[in-house]
Amino acid sequence: MAGLSVPQSDPKAGYLAHKAEIDAAIARTLDSGWYILGREVAAFEEEFSRFVGLAHGIGVANGTDALVLALRALDIGPGATVATVSHTAVATVAAIELVGATPLLIDIDPGRYTMDPGELETVLAGEGKRIKAVIPVHLYGQPAAIQDIQKLADRLGVAVIEDCSQAHGAMVGNTQVGRFGRIACYSLYPTKNLGALGDGGVVLSDDKALAGRVRELREYGWRERYVSAIAGTNSRLDELQAAILRVKLNHLAADNERRRRIATDYDSGLAGLGLGLPVRAAGATHVYHQYVVTTAVRARLRELLKERGIATNIHYPVPVHRQPAYAGRVPLGPAQCRQTERLAEKILSLPMYPQLSRAQIDHVIGSLRDTVQRTQ
């Protein structure tokens, strides 16, 4: 299919798919004359909370802030250790350091690519008193082993903060991720399953007092306007983004189902090529924020796909503990993130977004079959 271009992600396609509704929502907001923390934000908070199945939602400026505010609401700061993973967007680890806490990086399960509960159990047994929270990341749309993680944390009274930034709508059994821990954090970056047309984030919880504290912290610690009861910050989801997100939330379930159908097409079309294909964890519903394969010939494969107009990406090429800002100073679990380092050498994200056409999907599959054969 010469000349056919396939982006790895395409936020504009998500806008164009719902252009009339989004344009109307933007116009409605502009006409309202209210642009910060008004009706649109309040409605989005309520609607997204209901979608996930939690009682309280707080819109914030971005996903990093969501994690920072959740940690602060739990009184986690200097002197505390927070267990998370190195195979994640750096925002997860950055948020921990932004509150003055120390990240402790746990290795991943080589199948799910998410936090290894076995190593977490070892770490909690040895360092449980120092660890005040665990942040499992539901990565690529795949739920982490959250039930096992929550049971381990419950034994020692350690708070679980779910990083759901890549898993809007993912489920374990009949329960959405975000409902297992004390508090859940979401990025609403444009490429996410539920993405704004700019930055945004949201914090969800069933704990009224905890949610109230996040709400205060996001706006200077105000309980009454202009009077800070606690030291807070400025992290507010704006009305325009909330209005856009309300439109896109109405289509999230259908978009996630479309992602699953694309993933099924990839699974069948790429079978037998020697690529490592994504695992579907038993009892879980994957929402395919990314469709990530593994290959020992990644660089060559990317080059050949690029020649055919197919864009790929690597999420994430350098584990957090190997990045210059963190290398040599962030503590690791006993496995020393060996699985994380092995995986980083092989992962490749294929094109994945709901608006991929049949022709584009076939082009990706056909090109991969041809290029894999050329690299063997």
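Any value given below was found using the heavy atoms of this structure, including those in side chains, with hydrogens, waters and symmetry copies removed.
The minimum heavy-atom distance between Ala159 and Leu74, with the atom names listed, is CB-CD1, 4.0 Å. Contact record, Tyr316 with Ala89: CE1-N, 3.5 Å, taken as the closest heavy-atom pair. Across Ala167 and Val177, no two heavy atoms sit closer than the pair O-CG2, 3.5 Å. Summarising the geometry of His289 relative to Thr191, their closest heavy-atom pair is CE1-O, 3.3 Å, with the distance given to 0.1 Å. Residues Pro103 and Ile96 come closest through the heavy atom pair N-CG2, 3.7 Å. Minimum interatomic distance between Ala196 and Gln241 (heavy atoms only, all atoms of both residues): CB-OE1, 3.1 Å.
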Criterion side chain to side chain contact (heavy atoms under 4.5 Å, CB included) on Leu237 and Glu45, from CA distance to verdict
CA-CA 10 Å; Leu237 179 67; Glu45 290 171 340; 5.9 Å; no
Step-by-step side chain to side chain contact (heavy atoms under 4.5 Å, CB included) determination, Thr264 to Arg261:
CA-CA 5 Å; Thr264 298; Arg261 289 199 299 270; 5.5 Å; no
Please walk me through it: do Leu277 and Val293 pass side chain to side chain contact (heavy atoms under 4.5 Å, CB included)?
CA-CA 5 Å; Leu277 303 182; Val293 301; 3.9 Å; yes
Walk me through whether Arg358 and Asp362 qualify under salt bridge (Lys or Arg N to Asp or Glu O under 4.0 Å).
CA-CA 6 Å; Arg358 181 74 259 170; Asp362 289 343; 2.9 Å; yes
Check the pair Arg308 / Leu304 against side chain to side chain contact (heavy atoms under 4.5 Å, CB included), numbers first and verdict last.
CA-CA 7 Å; Arg308 295 177 178 230; Leu304 292 171; 5.9 Å; no
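Cluster annotation: Phe44 and Leu204 are assigned to the same hydrophobic cluster (Ile/Leu/Val/Met/Phe/Trp/Tyr, side-chain heavy-atom contacts under 4.5 Å, transitive). Each of Val279 and Ile108 belongs to its own hydrophobic cluster when Ile, Leu, Val, Met, Phe, Trp and Tyr are linked at side-chain heavy-atom distances under 4.5 angstrom. Linking ILVMFWY residues whenever their side-chain heavy atoms come closer than 4.5 Å, directly or via other members, leaves Val82 and Val330 in distinct clusters. At a threshold of 4.5 Å between side-chain heavy atoms, the hydrophobic network of Ile, Leu, Val, Met, Phe, Trp and Tyr places Val134 and Leu156 in one connected group. In this structure, Tyr220 is not a member of the same hydrophobic cluster as Leu217, with clusters built from ILVMFWY side-chain heavy atoms closer than 4.5 Å.
Between Tyr113 and His315, the gap from one ring centroid to the other reaches at least 6.0 Å.
With no hydrogens or angles considered, a side-chain donor-acceptor pair links Glu341 and His321 at under 3.5 Å. Asp163 and Ser165 are linked by a side-chain donor-acceptor pair at a separation below 3.5 angstrom, with hydrogens and angles left out of the test. Asp23 and Tyr15 form a side-chain donor-acceptor contact under 3.5 Å, judged by distance and modelled atom types alone.
Counting heavy atoms from C-beta on, the side chains of Leu350 and Leu270 come closer than 4.5 Å. Inter-residue side-chain proximity for Leu4 and Gln360 is flagged as met; some heavy-atom pair is nearer than 4.5 Å. The closest side-chain heavy-atom distance from Pro331 to Thr102 is below 4.5 Å. Looking only at side-chain heavy atoms (C-beta outward), Phe51 and His168 stay at 4.5 Å or farther from each other. Side-chain atoms of Arg258 and Ile262, non-hydrogen and from C-beta on, do get closer than 4.5 Å to each other. Within the 4.5 Å cutoff, no side-chain heavy atoms of Trp34 are placed close to those of Arg39. For the pair Tyr288 and Asn193, the minimum side-chain heavy-atom distance is 4.5 Å or more. Under the 4.5 Å side-chain criterion, counting only non-hydrogen atoms from C-beta, Leu275 is in contact with Leu301.
Using a 4.0 Å cut-off between a side-chain N of Lys or Arg and a carboxylate O of Asp or Glu, Asp75 and Lys132 do not qualify as a salt bridge. The pair Glu121-Arg155 counts as a salt bridge, with a side-chain nitrogen and a carboxylate oxygen less than 4.0 angstrom apart. Salt bridge status for Arg259 with Asp255: absent, with no side-chain N to carboxylate O gap under 4.0 Å. Salt bridge absent: Glu303 and Lys306 never bring a charged side-chain N and a carboxylate O closer than 4.0 Å.
Within 6.0 Å of OH in Tyr189 there are 12 or fewer heavy atoms belonging to other residues, nucleotides or ligands. Heavy atoms of other residues, nucleotides or ligands lying less than 6.0 angstrom from CG of Asp154 number more than 12. Within 6.0 Å of CZ in Arg246 there are more than 12 heavy atoms belonging to other residues, nucleotides or ligands.
Here the side chain of Glu162 pairs a donor or acceptor atom with the backbone of Phe180 at under 3.5 angstrom. Distance alone, capped at 3.5 Å, places no donor-acceptor pair between the Gln290 side chain and the Ser349 backbone. Judged by distance alone, the side chain of Ser367 and the main-chain N or O of Val364 form no donor-acceptor pair under 3.5 Å. A donor-acceptor contact shorter than 3.5 Å links the side chain of Ser235 to the backbone of Ala61. Panel note: side chain Asp206, backbone Leu54; no donor-acceptor pair is recorded below 3.5 Å. Of the possible polar contacts, none joining the Asp116 side chain to the Asp107 backbone as a donor-acceptor pair under 3.5 Å is found. With Glu219 contributing its side chain and Arg236 its backbone, the two residues share no donor-acceptor pair below 3.5 Å. With hydrogens and angles disregarded, a donor-acceptor distance shorter than 3.5 Å links the side chain of Ser49 to the backbone of Gly57. In this structure, the side chain of Thr312 does not engage the main chain of Gln8 through any donor-acceptor pair within 3.5 Å. Between the side chain of Thr371 and the backbone N or O of Leu305, no donor-acceptor pair lies under 3.5 Å.
Here the NE2 atom belonging to His286 is positioned 10.0 Å from the CZ atom belonging to Arg112, to the nearest 0.5 angstrom. Between atom CG of residue Asn174 and atom CD of residue Gln176 there is a gap of 11.0 Å, rounded to the nearest 0.5 Å. If you take NZ on Lys192 and SG on Cys164, they are separated by 11.5 Å, rounding to the nearest 0.5 Å. Here Asp267 contributes atom CG and Arg260 contributes atom CZ; the two are 13.0 Å apart, rounded to the nearest 0.5 Å. In this structure, CG in Leu368 is found 6.5 Å from CD1 in Ile310, a value given to the nearest 0.5 Å. One finds the CD1 atom of Ile347 at 6.0 Å from the CZ atom of Arg298 (value rounded to the nearest 0.5 Å).
Shown are Arg223, Arg225, Arg72; of these, the salt bridge (charged side-chain N to carboxylate O under 4.0 Å, His left out) with Glu216 is made only by Arg223. When Val93, Asp65, Val68, Leu67 are each tested for a side chain to side chain contact (heavy atoms under 4.5 Å, CB included) with Leu98, only one passes: Val68.
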